[in-house]
Amino acid sequence: MATDLTAQWLAERLQDRTKRGIAIDTAALIRAGTIEIGMHLPAVRDLAQALGVSPATVSAAWSQLKKQKVIAGRGRTGVWVCGDKVSPRPVRFEQIGNFGEHITADLVLSAPDPLLLPDLKAALISATETHHLNSYLREPIMPVLEEAVKLTWPYQADAFLAADGGFDGMSLIMQTLIMPGTRVAIEDPTASRLLDILDHIGADVLPVPCDEQGPLPDALHAALRQNPSAFIYQPRTHSHCGHTITPMRIRQLTALLRDQQTLIIEDDGLGDLSAWPAVSLGSEFPDRTVHVRSYSKSYGPDLRLGVVSGTREMIKQIQSFRNFGAGWSSRLLQHTLAWLLTDPQTQQGLSEARRIYAKRRQDLVTALAIRGIDVPLHDGLSIWLGVPSEQFALVTLAARGIAVLPGEGCRIRPGQHIRISTSQLTADKVDFVADALALVYG
């Protein structure tokens, strides 16, 4: 094996000198251990000269390997091997990690409390009589579900599509409607899986910080000056920070986006558990707004359903892309969700769940305030907390049996944050968690 990975050494081992061939052959050398993790690859120009190809060909090959998380780096630091498993994967999401068996309060994921989810029995029985059950008909959404979601949809959309959850809907949109390698403006912080998807399509991410009212107008204005292909934001309760976009901020964003061609992607991840009514820029920009609502947290993760709206052409593009795989979402589950959305008893239970989640979050906010840590009341299933040191906070809490989400994977700009899920934080553990969080501040 080469001790110094020179351009000549690598060129001698690359048989196919197309961009695809360079990527495949280099990946094979890495997988075999001939090129070890941590080794630097030759400079693009040096390797291109040794291979007799253009630098653009080598750069394209390296881009493919970066997308697959095999190599990393750029600029003066060079490019080095960072992995030996040649497959795309959500690195930020996977890095949430295992905190060990001694954890007694797992506050990492803002998952719904199973005890607060609706009983599915009657809905599932009803679904067995659904239209076209077990058919291979690839329809974007069942009419019964489309009619049910329209009752609370925030604008009059042209077309709808059922997806296998909110993140599936967002992934389909980004892989179908965003050109790989283009600039994308997105709220900061945001969900780690959204950043993973943008990494996968090779997007150049432009952070748009938020305040109590939503995305900052000046930050969005600066991002729009770089002509992004899309702007991604959360139109009501923010999954991390808990703030809700205000009518004034909607007007400000509308004014900024009016003379743009930017695609607007709205991620309503909390869905019907939000304390606020749904809003959308689709009322102003119906021809370039895509709205996604998840129903996982409110009606059950195993229903695996979200709904996407957009123009007929957008939905047609997304549906065509889906035909590479499943082609449609389960009609059994779509009918089940439609039944739940229109059942008065289910909706009453949802209101009670919303009240309980709000109280759990407020209980921790109150306990932290007593200990001198101020957190906005806000909404949602978690608390986004700035800390002096993220690493110290994680270690300190884990030592006391508490696991929280590291903020690093959810941010674009530098910072020190943790996210504490409150969705399953019972009253008997509130003071225990608050005392541990107080230690994080010394």
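Since the model is a prediction, treat every value here as computed from it, not as a measurement.
Within a 6.0 Å sphere centred on CG of D158, other residues, nucleotides and ligands contribute more than 12 heavy atoms. In R354, the CZ atom is crowded: over 12 heavy atoms of neighbouring residues, nucleotides or ligands sit closer than 6.0 Å. Other residues, nucleotides and ligands contribute at most 12 non-hydrogen atoms within 6.0 Å of the CG atom of D302. The neighbour count for R225 CZ, taken as heavy atoms of other residues, nucleotides or ligands under 6.0 Å away, does not exceed 12. Summarising the local packing, CD of Q226 is surrounded by more than 12 heavy atoms from other residues, nucleotides or ligands at distances under 6.0 Å. With a 6.0 Å radius and a threshold of 12 heavy atoms from other residues, nucleotides or ligands, K150 has its NZ atom above the threshold. Open room surrounds CZ on R20; 12 or fewer heavy atoms of other groups in view lie less than 6.0 Å from it. Counting non-hydrogen atoms of neighbouring residues, nucleotides and ligands closer than 6.0 angstrom, the CD atom of Q175 exceeds 12 such neighbours.
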Subject >> Stepwise side-chain contact (heavy atoms from CB on, under 4.5 Å) check, T346 with Y299 >> reply: CA-CA 9 Å; T346 299; Y299 297 96; 3.9 Å; yes
**OP:** Determine, stepwise, if the pair H291 / W153 fulfils ring pair (Phe, Tyr, Trp, His ring centres under 6.0 Å).
**Re:** CA-CA 9 Å; H291 189 89; W153 210 254; 5.1 Å; yes
**OP:** Starting from the C-alpha separation in whole Å, work towards a yes-or-no answer on side-chain contact (heavy atoms from CB on, under 4.5 Å) for I232 and M170.
**Re:** CA-CA 10 Å; I232 303 172; M170 291 295 291; 3.8 Å; yes
Original post:
So T244 and V279, side-chain contact (heavy atoms from CB on, under 4.5 Å) or not? Walk me through it.
Top reply: CA-CA 10 Å; T244 298; V279 295; over 6 Å; no
Subject >> Derivation and outcome, side-chain contact (heavy atoms from CB on, under 4.5 Å), residues L194 and F167 >> reply: CA-CA 8 Å; L194 296 186; F167 279 118; 4.0 Å; yes
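Counting only heavy atoms from C-beta outward, the side chains of P228 and T182 never approach each other to under 4.5 Å.
The two atoms that bring Y295 and V149 nearest to each other are OH-CG1, 3.3 Å, heavy atoms only. Here the closest non-hydrogen pair linking S280 and T289 is OG-CG2, 4.0 Å. Smallest separation of non-hydrogen atoms from D379 and A275: OD2-N, 2.9 Å. P118 and S298 make their closest contact through CD-O, 3.6 Å (heavy atoms, listed as atom of the first residue, atom of the second, distance). Between S294 and G269, the closest heavy-atom pair is CB-O, 3.5 Å.
Side-chain atoms of Q319 never come within 3.5 Å of backbone atoms of L161 as a donor-acceptor pair (strictly under, hydrogens ignored). Judged by distance alone, with hydrogens and angles left aside, the side-chain atoms of R236 form a donor-acceptor pair with the main-chain N or O of W276 at under 3.5 Å. Judged purely by atom type and a 3.5 angstrom limit, R360 uses its side chain to pair as donor or acceptor with the backbone of S423. The main-chain N or O of V108 is found under 3.5 Å from a side-chain atom of D106 such that the two form a donor-acceptor pair. Using a distance-only test at 3.5 Å, with no hydrogens or angles considered, no donor-acceptor pair links the side chain of T246 to the main chain of G214. Between the side chain of R331 and the main chain of S135, a donor-acceptor pair closer than 3.5 Å is present. The backbone N or O of P406 sits nowhere less than 3.5 Å from a side-chain atom of E390 that would complete a donor-acceptor pair. The backbone N or O of L340 sits less than 3.5 Å from a side-chain atom of Q347, completing a donor-acceptor pair. Between the side chain of S309 and the backbone N or O of A159, no donor-acceptor pair lies under 3.5 Å. The backbone N or O of I412 lies less than 3.5 Å from a partner atom in the side chain of D188, making a donor-acceptor pair.
With sequence neighbours excluded, no residue satisfies salt bridge (charged side-chain N to carboxylate O under 4.0 Å, His left out) with R288.
In this structure, H238 and H243 have tilted ring planes: the angle between them lies in the 30° to 60° band. Note: H240 and W384 have tilted aromatic rings, judged against thresholds of 30 and 60 degrees for the angle between ring planes. Between F231 and Y233, the ring planes lie parallel to each other; the angle is under 30°, not in the 30° to 60° tilted range.
Side-chain contact of Y357 with D113: a donor-acceptor pair under 3.5 Å is absent, judged by distance alone. Counted by atom type alone, R322 and S329 present one or more donor-acceptor pairs between their side chains at under 3.5 Å.
Checked for salt-bridge contact, D199 and K66 miss the test: no charged N lies under 4.0 Å from a carboxylate O.
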